[in-house]
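Structure record follows, encoded as structure tokens.
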Number of protein chains: 2
Amino acid sequence: MKRGHSVDRVFHALGDPTRRAILDRLVHAPTTVTRLAEGLGITLTAVGQHLQILEECALVRTEKLGRVRTCSIQYLGFDVLEQWIRDHRSLWARRLDRLADVLAEPDERK
Amino acid sequence: MKRGHSVDRVFHALGDPTRRAILDRLVHAPTTVTRLAEGLGITLTAVGQHLQILEECALVRTEKLGRVRTCSIQYLGFDVLEQWIRDHRSLWARRLDRLADVLAEPDERK
DNA sequence: TTGATAGTGAAGCTTATGCTTCACTATTTC
DNA sequence: GAAATAGTGAAGCATAAGCTTCACTATCAA
């Protein structure tokens, strides 16, 4: 599927438990592809596929030195996520305010 | 797929753009299944399926009165999401602190 | 009571997703 | 240089996800 917008990609990336497990791991310390694969009990290839997705939405950054690729968490993607929540919270709050206004209006019933 | 934990379900639910579109709609005001279907250009059935998922992870609450089901946003699910981010941020911060400690240590090189 | 309206349930279709295997390329290390 | 190590790429596979259609139920309205 074509994932256009960044919000879209971040949520899609985080929708998978294995990818969140990778982040759980990286949040403690950077690590290599092989170590991730060992910890998760999946192949190197599978990890590589997840990493690609995580990199595309700026949740992870990787760097290859020699033959070993080191992965670390990147907070850019998380910011997108937080912004989304903030936006929704503010709309939600505004709606509650409107509701409060209505309720606060003088009782016009007879 | 069996979705066990609530974090798991919330992220999975939010991973789909149509479901986020539903929330975008509901954050402004509660609405009915039919209206949602019209706005999204999909069938009532499809909306019903999405609603079930959104309800299961406490992102939406619905109530059927007569023959019409009214859907409204529910913030319980969002709390799970925010908590997850907070947890990761704090771990991330701790890691940066450790790094800072290391960097702050008196230079022992000769 | 007849007809329209609002939604539900089951089945099936198509595409996406997560994973594996196998072959292959770089790097180290002995 | 030979053997081990770290990772990549292409192909394929099973399952899941998102939809639709069609048949059906429940409610409201004339």
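Below, read A as the first sequence line, B as the second, and so on, with proteins coming before strands; counting in each chain starts at 1. Any value given below was found using the heavy atoms of this structure, including those in side chains, with hydrogens, waters and symmetry copies removed. Note that the structure is predicted; figures quoted are calculated from it, not measured.
- Residues forming a ring-ring contact (aromatic ring centres under 6.0 Å, His included) with A/W92 (at least two apart in sequence, or on another chain): B/Y75.
- Rounded to whole Å, atom P of D/dA17 lies 13 Å from atom CZ of B/R9.
- Residues passing the side chain to side chain contact (heavy atoms under 4.5 Å, CB included) test with A/V80, sequence neighbours excluded: A/S6, A/V7, A/V10.
- Residue whose closest nucleotide on DNA chain C sits further toward the 5' end, between A/A46 and B/K64: B/K64.
- Listed by residue number, B/I42, B/T43 are the residues of residues 36-44 of chain B with a heavy-atom contact under 4.0 Å to DNA chain D.
- Listed by chain and number, the residues in a salt bridge (Lys or Arg N to Asp or Glu O under 4.0 Å) with A/R35 amount to none (sequence neighbours excluded).
- Atoms CG (A/D16) and P (C/dA16) sit 17 Å apart, rounded to a whole Å.
- Dashed line: the shortest gap from a side-chain N or O of A/H12 to OP1 or OP2 of C/dT17 is under 4.0 Å.
- Of the possible donor and acceptor atoms, one in the side chain of A/R19 sits under 3.5 Å from a partner among the backbone N and O of A/A13.
- No side-chain heavy atom of A/T18 sits under 4.5 Å from any side-chain heavy atom of A/V47.
- Between A/T18 and C/dC19 there is a side-chain N or O to OP1 or OP2 distance below 4.0 Å.
- Residue pairs satisfying the salt bridge (Lys or Arg N to Asp or Glu O under 4.0 Å) criterion with at least one member in residues 36-60 of chain A, sequence neighbours excluded, are absent.
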Checklist line | Letter per nucleotide, 5' to 3', of nucleotides 22-30 of chain D [B base touched, S only sugar-phosphate touched, - untouched; heavy atoms, 4.0 Å] | finding: B----BS--
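- Screening residues 59-72 of chain B for salt bridge (Lys or Arg N to Asp or Glu O under 4.0 Å) gives no qualifying pairs among residues at least two apart or on separate chains.
- A heavy-atom distance below 4.0 Å to DNA chain D is reached by these residues of residues 48-60 of chain B, ordered by number: B/Q49, B/H50.
- A search for ring-ring contact (aromatic ring centres under 6.0 Å, His included) contacts involving B/H50 returns nothing, not counting sequence neighbours.
- Here the side chain of A/R19 is nearest to one of C/dG18, C/dA6, D/dA6, namely C/dG18.
- For A/R25, there are no salt bridge (Lys or Arg N to Asp or Glu O under 4.0 Å) partners two or more places apart in sequence or in a different chain.
- Residue pairs meeting the salt bridge (Lys or Arg N to Asp or Glu O under 4.0 Å) criterion with at least one partner in residues 82-93 of chain A, sequence neighbours excluded, are A/E82-B/R89, A/R89-B/D79, A/R89-B/E82.
- Within the structure, a side-chain polar atom (N or O) of B/R69 is placed less than 4.0 Å from OP1 or OP2 of C/dT8.
- As a whole-Å value, the separation of A/R20 CZ from C/dG18 C1' is 14 Å.
- Contacts of B/D97 classified as side chain to side chain donor-acceptor pair (under 3.5 Å), with partners at least two apart in sequence or in another chain: none.
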